Amino acid sequence: MLDIRIIRQDPDRISLALRNRNSDFDISAVLRLDEDVRKRKAEVESLRAQRNEIAARIAKAKREGTDVAHDVSLGANVARELSAVEADLVAEEERLAGLLALIPNIPHLSVPVGKDDSANQEIKRWGEVRQFSFEPLPHWEIGARLGILDMDRASRMSGSRFALLKGLGARLERALVNFMLDLHVKEQGYTEIFPPLMVNDKSMFGTGQLPKFKEDMFKIEGQEMYLIPTAEVPVTNIHREEVLSGDVLPVKYVAYTPCFRAEAGSAGKDTRGLIRNHQFNKVELVCLSLPETSYDALEGLTSDAEAVLERLGIPYRRVALSTGDLGFSSAKTFDLEAWLPSYNAYREISSCSNFEDFQARRAGIRFKRDVKAKPEFAHTLNGSGVAVGRTWATMVENYQNADGTVTVPDALVPYMDGVTVIGK
RNA sequence: GGAGGGGUGGCAGAGCGGUUGAAUGCGACAGUCUUGAAAACUGCUGAGGGUGCAAGCCCUCCGUGGGUUCGAAUCCCACCCCCUCCGCCA
């Protein structure tokens with residue numbers, strides 16, 4: 001959520017930012033409504049002041065035993081008028097809040113301006129893309145042949161876009177999760193979290209999934225509860241409605257969770273294998289930071305995610321998303337894209353974002369610099385560290401051998417009980 | 001799922017229709033004392049918003065949302081959450 005005061009002060013800047021994001025949101029409606037609300041609020045408050053004054057007078061008169069009838073009827077009139085004006089105010093305020101909740105974040109100045117992902121900017125590349133001496137197979141083929149990935153049976157029990165891992169395939173998934181968690185916890189100083197996988201609508205509002213992206217989530221029937229689309233939601237909301245003391249910042253959390261996405265509107269895209277499923281595993285990094293250091297924190301968080309790919313020897317590149325490709329809540333996002341031989345392209349495997357105070361304002365995550373200071377909104381960041389299913393796919397494809405086996409990279413061997421080749 | 005109990009400031013805990021934004025204690029903060037610290041004493045101590053150049057003035061908040069009333073932390077209704085016991089269950 002944007003600060004209404006910024007919209008008031010600098011509407012042109014907001015409008016430009018929205019246009020750069022391909023948003024047709026009409027700021028002027030917000031400004032008009034904001035003015036109405038403030039006018040109405042002044043009315044309500046002066047009526048309340050009158051009411052309070054009359055009530056105080058009656059209290060005093062009763063104590064002194066003087067007549068009260070005149071003030072009581074005066075008070076009744078004020079009360080009647082007040083309730084009418086108050087109802088108008090509530091309605092207007094709700095409308096304004098509803099509009100504000102739909103405005104995306106303002107991109108940071110460093111974000112490349114452009115209308116879609118073609119304007120994304122490559123920041124760096126790491127690793128050599130492997131040249132195969134044979135025709136490489138996609139991971140769903142490799143997995144099926146090795147008996148470690150079974151998409152057919154998964155769709156029989158659950159439908160399309162679900163995966164069944166088996167034997168060393170399941171083991172590999174678990175190995176990846178543990179490897180990533182160990183790296184982030186033991187070497188990079190994150191605190192491990194295992195959060196609830198269902199959250200209420202307030203939490204979904206806090207991180208920006210609601211109200212606009214309801215269709216992308218699985219809702220529990222008959223309840224105001226959703227399956228989490230990412231650990232970002234419960235983990236960022238750990239400190240919802242809290243005032244932290246400034247010296248605990250930065251707070252760094254890592255969580256492994258399954259993620260659930262309805263993926264409305266993605267029909268026909270990435271229909272095979274592990275790339276785009278309704279349920280997938282992810283290790284997520286979340287950081288709460290001081291405002292002035294949040295871009296350093298973004299750099300740190302992104303390189304913490306990159307370390308995962310580097311240890312696994314997976315070639316990747318880092319891309320700065322353009323204004324047109326940026327997510328709703330984000331002020332700046334780096335995507336990490338891993339080389340996927342079956343796509344003959346780099347595919348997103350991690351997305352690291354600085355939301356600045358956008359989520360913190362929605363979720364009420366604040367801090368005080370010291371005991372006397374006014375509370376300020378913290379900055380929130382998160383990034384995948386990294387998507388496990390996509391890593392599974394990328395690894396299996398990059399490490400496949402001509403005989404159909406898959407070599408296990410050194411960093412993972414201890415997590416695979418010493419297995420160095422899958423399929424031997 | 002059933003039966004009770006309870007949600008008040010950072011914490012504990014009063015208040016149960018009229019100077020109560022809220023007693024009291026603890027904590028925190030500032031100060032006095034002290035070579036320093038502790039103790040003791042004194043003072044202070046929530047958040048959000050409107051308006052104004054400012055000083056200030058005003059409004060809101062006692063789980064949440066409604067209602068009654070001139071006036072609600074206090075009365076009524078609904079919901080949410082927590083605790084205890086029983087049932088069920090990995």
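These numbers come from a predicted model, not from an experiment. Note on naming: letters A, B, ... go to the chains in the order of the sequence lines (proteins, then strands), and numbering restarts at 1 for each one.
Taking the P atom of each, B:C70 and B:G13 are spaced 37 Å apart, rounded to whole Å. Look at the C1' atom in both B:C26 and B:C76: the space between them is 36 Å, to the nearest Å. For the C1' atoms, the distance from B:G66 to B:A72 is 14 Å, rounded to whole Å. For the C1' atom pair drawn from B:U64 and B:U8, the interatomic distance equals 15 Å after rounding to whole Å. A gap of 14 Å separates the C1' atoms of B:A23 and B:C16, to the nearest Å. Distance check on atom C1': B:A14 versus B:A22 gives 10 Å, rounded to whole Å. Rounded to whole Å, the separation between the P atoms of B:C79 and B:G1 comes to 13 Å. Look at the P atom in both B:G15 and B:U69: the space between them is 28 Å, to the nearest Å.
A:N52 has a side-chain polar atom (N or O) that falls below the 4.0 Å cut-off from OP1 or OP2 of B:C59. A:R38 has no side-chain polar atom (N or O) that falls below the 4.0 Å cut-off from OP1 or OP2 of B:G52.
Among the protein residues, A:K368 comes within range of the sugar-phosphate backbone only, with heavy atoms under 4.0 Å from sugar or phosphate atoms but none that close to a base. A:R80 comes within 4.0 angstrom of no nucleic acid atom, judged by non-hydrogen atoms across all strands. The residue A:K372 sits close only to the backbone: its heavy atoms come under 4.0 Å of sugar-phosphate atoms, none of a base. In this structure, A:R51 reaches the sugar-phosphate backbone alone: every heavy-atom distance under 4.0 Å involves primed, P, OP1 or OP2 atoms, never a base. Residue A:R40 is out of contact with every strand shown, counting any heavy-atom pair closer than 4.0 Å.
Summarising the geometry, the separation between CZ on A:R361 and P on B:G49 is reported as 9 Å, rounded to the nearest angstrom. Taking atom CG on A:L47 and atom P on B:C58, their separation rounds to 16 Å, with Å as the unit. Here the C1' atom of nucleotide B:U64 and the CZ atom of A:R240 are 13 Å apart, to the nearest Å. Atoms CD (A:E93) and P (B:G50) sit 10 Å apart, rounded to a whole Å. The separation between A:D370 atom CG and B:A30 atom P is 10 Å, rounded to whole Å. Whole-Å rounding puts the A:K62 NZ to B:U19 C1' distance at 16 Å. Taking atom CG on A:D34 and atom P on B:G49, their separation rounds to 13 Å, with Å as the unit. Atom CZ of A:R8 is separated from atom C1' of B:G50 by 10 Å (rounded to the nearest Å).
Sorted by first and then second residue, the pairs that involve residues 187-214 of chain A and meet salt bridge (charged side-chain N to carboxylate O under 4.0 Å, His left out), not counting sequence neighbours, are A:E187-A:R311.
One finds no salt bridge joining A:K39 and A:E35 here, because no Lys/Arg side-chain nitrogen approaches an Asp/Glu carboxylate oxygen to under 4.0 Å. Remark: A:R369 engages A:E292 in a salt bridge, criterion side-chain N to carboxylate O under 4.0 Å. Ion pairing between A:K166 and A:D150 fails under the 4.0 Å rule for side-chain N and carboxylate O.
With hydrogens and angles ignored, no donor-acceptor pair closer than 3.5 Å exists between the side chain of A:K41 and the base of B:G50.
The nearest pair of heavy atoms linking A:I7 to A:L31 is O-CD2, 3.8 Å.
Annotation: of the two residues near RNA chain B, A:V72 and A:A59, the 5′-most nearest-nucleotide partner is A:A59. Taking for each of A:A49 and A:I58 the nucleotide of RNA chain B with the nearest heavy atom, the 5'-most of the two is the partner of A:A49.
Across all strands shown, the partner of B:G56 is B:U51, judged by Watson-Crick or G-U wobble contacts whose two distances both fall under 3.5 Å. With a cut-off of 3.5 Å on both pairing distances, the Watson-Crick or G-U wobble partner of B:A78 is B:U64. Pairing for B:U34 is absent, judged as Watson-Crick or G-U wobble with the two contacts each under 3.5 Å. When Watson-Crick and G-U wobble pairs are counted only if both distances are under 3.5 Å, B:U84 pairs with B:A3. B:G21 makes up no base pair with any nucleotide shown, lacking Watson-Crick or G-U wobble contacts both under 3.5 Å. Figure legend. B:C29 is base-paired to B:G43; pairs are counted as Watson-Crick or G-U wobble with both atom distances under 3.5 Å.
For the ring-ring contact (aromatic ring centres under 6.0 Å, His included) criterion with A:F328, the lone passing option out of A:F25, A:F355, A:F213 is A:F213.
Taking every side-chain heavy atom of A:K374 into account, B:G48 is the closest of B:G71, B:G48, B:C29. In the set B:U60, B:C29, B:G50, B:U60 carries the atom at the smallest distance from any side-chain atom of A:R48. Set against B:G49, B:A47, B:G71, the side chain of A:E45 has B:G49 as its closest nucleotide. Listed nucleotides: B:G18, B:G48, B:C29. Nearest to the side chain of A:R63: B:G18.
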- Message: For A:S330 and A:N105: C-alpha separation, side-chain torsions, deciding distance, then whether side-chain hydrogen bond (donor to acceptor under 3.5 Å, both in side chains) applies.
- Response: CA-CA 6 Å; A:S330 177; A:N105 202 355; over 6 Å; no
- Task: For A:E337 and A:R347, run side-chain contact (heavy atoms from CB on, under 4.5 Å): C-alpha distance rounded to whole Å, both residues' side-chain angles, the deciding distance at 0.1 Å, then the answer.
- Result: CA-CA 5 Å; A:E337 300 179 344; A:R347 277 307 311 255; 5.8 Å; no
